[in-house]
Amino acid sequence: MRVLLRFMMCALTAGLVPVHAQVQLPTVNPQTQFSTGQDVVPVYEGWLRNRDGTFTFVFGYFNRNWKEELAIPAGPDNKLEPGTPDRGQPTYFLPRRQRWVFRVQVPKDWGQQELVWTITAHGRIERAYAQLIPEEEILERLIMTRGNLNPGEDDPNKPPSVSIAPVPSATLGSPVTLTALVTDDGLPKPRPPREPRPGGIPQAQTNSAVARPRAGLFVSWFQYRGPAKVTFDTDGLIAVASGQAVTTAHFSMPGTYVLQAVATDGALQTRADVTITVKAGEAKP
């Protein structure tokens with residue numbers, strides 16, 4: 001490249017190349033976005049210290065695809081070592097970065113062993129290595145705030161409590177009603193919208209594509225496990241009314257599914273799981 005640049009500069013000086021000619025220099029290309037065909041990277045988020053002296057490793061993952069959702073059952077392509085390969089890890093991977101979704105408790109005498117989560121997708125192997133390194137200790141409050149600024153343990157706000165009403169037996173082709181039961185302490189209190197000041201300077205434009213939690217109680221539903229995609233009637237946040245947030249799930253394949261309800265009060269969030277076994281049946285047109 002240096003030789004080429006010297007040649008072009010000499011050529012310009014000598015008049016061998018027209019002045020208007022441009023030298024094609026290398027440029028930085030924007031990150032390529034792949035809708036499908038990419039792998040899934042397990043991510044070690046840190047560890048929690050439990051009151052009984054045990055420890056809990058916390059994991060997330062990064063599905064490199066922007067659209068493709070991957071079903072990878074527990075086994076050779078989705079395993080934890082040492083120990084039983086199936087430790088309750090996700091088997092259905094949503095697109096992009098999903099944080100703090102999976103936990104593994106280890107005994108008091110774990111020491112400096114490594115717990116390795118291995119995922120193989122589209123022929124590529126990725127691993128996350130969990131170890132009790134002091135700098136990687138995290139607090140439950142960090143997970144509840146999803147890594148946002150935290151006022152500390154003295155904050156009077158308590159996270160919402162969420163559970164899922166029992167789900168009747170499910171049959172392929174029949175939608176299933178999901179009801180999240182949520183209670184909260186009423187904090188943080190909703191702030192009234194600001195009144196525009198007469199003659200005030202207009203606010204700068206914001207990126208509306210980034211969804212921020214709204215004040216009040218809301219629930220989001222996610223798929224954690226299952227052999228095929230689950231479709232929810234309501235995407236995104238569902239407002240809690242009379243202590244409940246209701247949606248409907250549609251299944252396209254028989255099997256065992258794990259769905260999660262994530263409740264948030266706008267500052268803190270908690271989650272609950274429900275396992276649903278979908279039996280084969282005549283699909284409705």
Please check this pair: side chain of [X] against backbone of [Y], looking for a donor-acceptor N/O pair closer than 3.5 Å.
X      : Y      : result
Asn65  : Lys67  : no
Thr270 : Pro160 : yes
Gln223 : Ala228 : yes
Asp86  : Ala74  : no
Trp100 : Val58  : no
Thr91  : Gly226 : yes
Asp39  : Arg124 : no
Arg225 : Pro73  : no
Arg49  : Phe55  : no
Gln131 : Gln112 : yes

Not counting sequence neighbours, list each pair that qualifies as a salt bridge (charged side-chain N to carboxylate O under 4.0 Å, His left out) and has a residue in residues 227-237.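 The answer is Glu69-Lys229.
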Sequence neighbours excluded - salt bridge (charged side-chain N to carboxylate O under 4.0 Å, His left out) pairs with any residue from residues 103-116: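 Qualifying pairs, neighbours excluded: Arg103-Glu140.
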Taking the six-membered ring where the residue is Trp, are the ring centres of Phe102 and Trp117 under 6.0 Å apart?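 Centroid separation for Phe102 and Trp117: below 6.0 Å.
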Hey, do the aromatic rings of Tyr44 and Tyr129 have their centres closer than 6.0 Å?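 No, too far apart.
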If you look at every heavy atom in [X] and [Y], which pair is closest and at what distance?
X      : Y      : value
Pro95  : Asn63  : CA-ND2, 3.6 Å
Val40  : Pro42  : O-CD, 3.6 Å
Leu48  : Ile138 : CD2-O, 3.2 Å
Ala272 : Ser163 : CB-CA, 4.2 Å
Pro175 : Thr248 : CB-CG2, 3.4 Å
Ala280 : Pro254 : N-CB, 3.9 Å

Got a second to check how far [X]'s [atom1] is from [Y]'s [atom2], nearest 0.5 Å?
X      : Y      : atom1 : atom2 : answer
Ile143 : Arg99  : CD1   : CZ    : 12.0 Å
Thr36  : Leu70  : OG1   : CG    : 9.5 Å
Gln38  : Gln33  : CD    : CD    : 11.5 Å
Leu132 : Leu115 : CG    : CG    : 10.0 Å
Ile238 : Ser220 : CD1   : OG    : 7.0 Å
Asp52  : Gln105 : CG    : CD    : 6.0 Å

What verdict does the side chain to side chain contact (heavy atoms under 4.5 Å, CB included) test give for Leu94 and Tyr61, after you've listed the backbone C-alpha separation in whole Å, the side-chain angles of each residue and the deciding distance to 0.1 Å? CA-CA 9 Å; Leu94 303 172; Tyr61 63 83; 3.7 Å; yes
Does the side chain of [Y] come within less than 4.5 Å of [X]'s, by heavy atoms?
X      : Y      : result
Pro188 : Asp265 : yes
Gln113 : Val106 : no
Trp47  : Trp110 : no
Leu178 : Phe232 : yes
Leu181 : Gln244 : yes

Would you kindly confirm whether [X] and [Y] end up in one hydrophobic cluster when ILVMFWY residues are joined by side chain heavy atoms under 4.5 Å apart?
X      : Y      : result
Tyr224 : Val167 : no
Leu259 : Tyr92  : no
Val240 : Val274 : yes
Phe222 : Met144 : no
Val246 : Val219 : no

Mind running side chain to side chain contact (heavy atoms under 4.5 Å, CB included) on Leu268 and Arg141 for me, showing each step along the way? CA-CA 8 Å; Leu268 302 176; Arg141 201 79 169 180; 3.6 Å; yes
Under the side-chain hydrogen bond (donor to acceptor under 3.5 Å, both in side chains) test, residues paired with Glu68 that sit two or more places apart: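 Testing Glu68 for side-chain hydrogen bond (donor to acceptor under 3.5 Å, both in side chains), a comparison that skips the adjacent residues, returns His122.
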Gln89: which of Ile119, Asn78, Ile72, Val104 passes side chain to side chain contact (heavy atoms under 4.5 Å, CB included):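 Only match with Gln89 under side chain to side chain contact (heavy atoms under 4.5 Å, CB included): Asn78.
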My understanding is that only one of Val278, Thr277, Thr275 makes a side chain to side chain contact (heavy atoms under 4.5 Å, CB included) with Tyr257; could you say which?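 Testing Tyr257 for a side chain to side chain contact (heavy atoms under 4.5 Å, CB included) against Val278, Thr277, Thr275 leaves exactly one candidate, Val278.
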Checking side chain to side chain contact (heavy atoms under 4.5 Å, CB included) for the pair Phe93/Val101: CA distance, chi angles, key distance, verdict? CA-CA 11 Å; Phe93 297 90; Val101 297; over 6 Å; no
Yes or no on side chain to side chain contact (heavy atoms under 4.5 Å, CB included) for Thr264 and Val262, after CA distance, side-chain angles and deciding distance? CA-CA 7 Å; Thr264 177; Val262 179; 5.7 Å; no
